Amino acid sequence: MKSRFLNTRSVVALIIVFAVVFGFAYDLYHIQVRDHEQYVEKNNAVDTYIVPIEAARGEIVDRNGNSLVTNRQGNSIVLNAVYFPPASENEKRNEIIYNLIQLFESRDEEYAQNLPLAFDSNGNIEFYGEEEDIATMKSADMLNLQPYATAQNCYDAVVEKYGISADYDRETALKIANVRYELTRLLFSYNNPVTIADEVSDETVATIKEDQVTYLGADVKVVAYREYVDSTIAPHILGTVRKINAEEYEEMKDSGYGINDQIGESGIERAMEDKLRGIPGELTITIDNDGNITEEVTKQPIQGNTVVLTIDRDLQVLAQNGLRDVCNEVSIASSAGAVVVEDCNTGEILAAASYPTFDLNDYYEYYEELSQDSRNPLWSRFAMGTYAPGSTFKPVTACAALEEGVLTADTTFYCPGVDEFNGQEFHCLHSNEHGTENVRTALRDSCNMFFFNTAMYLGMAKLDEYASAFGLGEKTGVEIAESSGILASPERREEQGGLWNLGDTLQSAIGQSDNLFTPLQLVNYCSTLANGGTRYELHFVKSVISGTTGVVNETSPVIADNVELSENTLDQVHSGMRLVALEGGPYLIFDELDTPVACKTGTSEVINNGVKRNNGFLITYAPYDNPEIAVSSVVELAGSGTETAELTASIIDYWYQNNTDSKASQQAGRLLG
């Protein structure tokens, strides 16, 4: 029995020994033979990190290839987690940041200060900045404080969170906390270095590069900054660029955006973000088991596409300067305005100016001042400003009435200067008695009485039908932000809780009542009338040139609507508008032009500082015999549209004296579809 037991135990032991030996042998085979390279690689490389390399944004040029927005190289200082002390070593981190702050301040360099806390004049800590920034600071991801936490609570929490020593005075501690907070806010990690100072001097760069002990973990990143050939040209069109915010990052990170990326904020920069944004490159950082670090660019960044605009740079400058001059002549303290130039046959915007304006170079530096300016220089009046168009609306009324048979070329109404309609007294312009008027002379004389009578027979429904077909009261299709304006109607008035009566219909026929249109809508309506009834969607982008292939993608004209206008209607309205240029208010100015034009002036009453004043409007197309361009202008408080005639004349003169895009005039009488 004993022998049998011992033999069994020996066999089991041998089996176990063989199993262990076999297991070791099998593992040794895997390590030394089958998976040898894999284990060697693991032994030699502990970690690999991919860091994005920012790609420059695409350039923006005008229709002739003249640069408007380019890029220049500058230096930013970033903290790189690969070299920076780990989060557990707060004292070392804070010491390095303190050294950097001393360097930045000695060189007058700006650095990250996004912590919404500051000391008041009495040395008490207080909240600083926007409410949403304060809420973010208190959130669970940052300081994890209750919404009711005081500024002192927040200061104490941030000092504790980042282990900022009491050896630093309170002001210095807050400066260090600002940079530490920036690292937390922008998700500082091996894969995500964080920028703490932008556009630093070459001297600061040299100091940091030469002393990697004092400034351990600080690195220099060459960055492409937006540069403007002239930062005053077309700021409302070009728009601005800024760093992506937290909400945008959450929405766009799946599309490849990083927390440090730039993004278009307004204008073309925003509208064409997907085209202007480049393709980021990749920097691969490897740390082996001995702590050796290697860096290799494994993917080169690709600059964004070039966006070609429809505007003509020189025409844009002329329009801006002319608009400024006429506004300042009216009132250097109160007047403002806009002017737009359109290609009648494509919907391309050739120039668009708003005044007062601003400088793109110092937009962010002076943003608070600009945003609080009572004249609203940041407001794009050509796209967002809405105005009662006054008599510039009368050609719409004429078109509708002629097409519907309410008027003919021979229809006349008598203008006594003052008359009653439905028991209510109405006045002609300046209460002038024009006598007997037909549609052509009524347009020339801007006779309210003629169009009041016309509206009585036409009715509001038909008037709105044609106004809508001309695009009034709806967006034009431009790439940048624009207002839809308001087209007066009984339905809309009732929706607002008001009542509509006959007087509103009469006022609507002369461009008053609830009508509010943008200068973009007015120029497009003028173009539609000029070319025979084809309304195009307006656009600022002429083409996009691929940054990778050089392929040019042209923007094709898009027809938004076709207004059915007979040859007779066009002849009557065009003739009436031609008479305005030949015999109306602006004739002395337009008579000097080599290019024949047709136009319509307008005024609308406004209250300025308790005083009744008039805004002045002018819509014009040229050449009269073969329309190619249209111009709309508004100058607030100008008194009449004639005040803007010199500006319009200078635009037309430039286009036909200096521009090669213009075409030879065709024979008079030809209608363009």
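Just so it is clear, the model here is predicted, and its values are computed rather than measured. Computation of the quantities below employed the complete heavy-atom set of this structure, encompassing side-chain atoms and omitting hydrogens, waters and symmetry-equivalent molecules.
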key: Reported CG-to-CD1 distance for the pair Leu276 and Ile268, which is rounded to 0.5 angstrom   = 8.5 Å

inquiry  = Let me confirm one number: the OG1-CG distance from Thr603 to Leu618, rounded to the nearest 0.5 Å.
reply    =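 If I round to the nearest 0.5 Å, the distance is 12.0 Å.
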
Do other residues, nucleotides or ligands put more than 12 heavy atoms under 6.0 Å from the [atom1] atom of [X]?
X	atom1	value
Tyr128	OH	no
Glu425	CD	yes
Glu130	CD	no
Glu474	CD	yes
Asp120	CG	yes
Arg270	CZ	no

Aromatic ring pairing Tyr367/Tyr363, orientation class (parallel under 30°, perpendicular over 60°, tilted between) = perpendicular

Which pair of non-hydrogen atoms, one from [X] and one from [Y], has the smallest distance, and what is that distance?
X	Y	value
Met449	Pro416	CG-CD, 4.2 Å
Ser67	Val229	O-CG2, 3.2 Å
His574	Tyr624	O-CE1, 3.4 Å
Ser508	Ala488	OG-CB, 3.7 Å

Do [X] and [Y] get their side chains close enough for a donor-acceptor pair, meaning under 3.5 Å?
X	Y	result
Ser650	Asp653	no
Lys475	Thr518	no
Ser513	Asn515	no
Tyr364	Glu265	yes

Under 3.5 Å donor-acceptor, [X] side chain and [Y] backbone:
X	Y	result
Arg381	Ala338	no
Glu437	Cys447	no
Asn361	Ser231	no
Asn524	Ser527	no

ask   = Taking only residues at least two apart or on different chains, which pairs with a member in residues 356-373 satisfy salt bridge (charged side-chain N to carboxylate O under 4.0 Å, His left out)?
value = none

Ring pair (Phe, Tyr, Trp, His ring centres under 6.0 Å) partners of [X], counting only residues at least two apart:
X	answer
Tyr355	none
Phe617	Tyr387
Phe382	none
Phe421	Phe426, Phe452

Val61, Ile349, Leu350, Leu68 screened by side-chain contact (heavy atoms from CB on, under 4.5 Å) with Leu309, the one that passes = Leu68

Scan the side chains in residues 577-588 for donor-acceptor partners under 3.5 Å anywhere in the protein, sequence neighbours excluded, and list what turns up.
{"unit_1": "Arg578", "atom_1": "NH1", "unit_2": "Val597", "atom_2": "O", "d": "2.7"}
{"unit_1": "Glu583", "atom_1": "OE1", "unit_2": "Arg444", "atom_2": "NH1", "d": "3.0"}

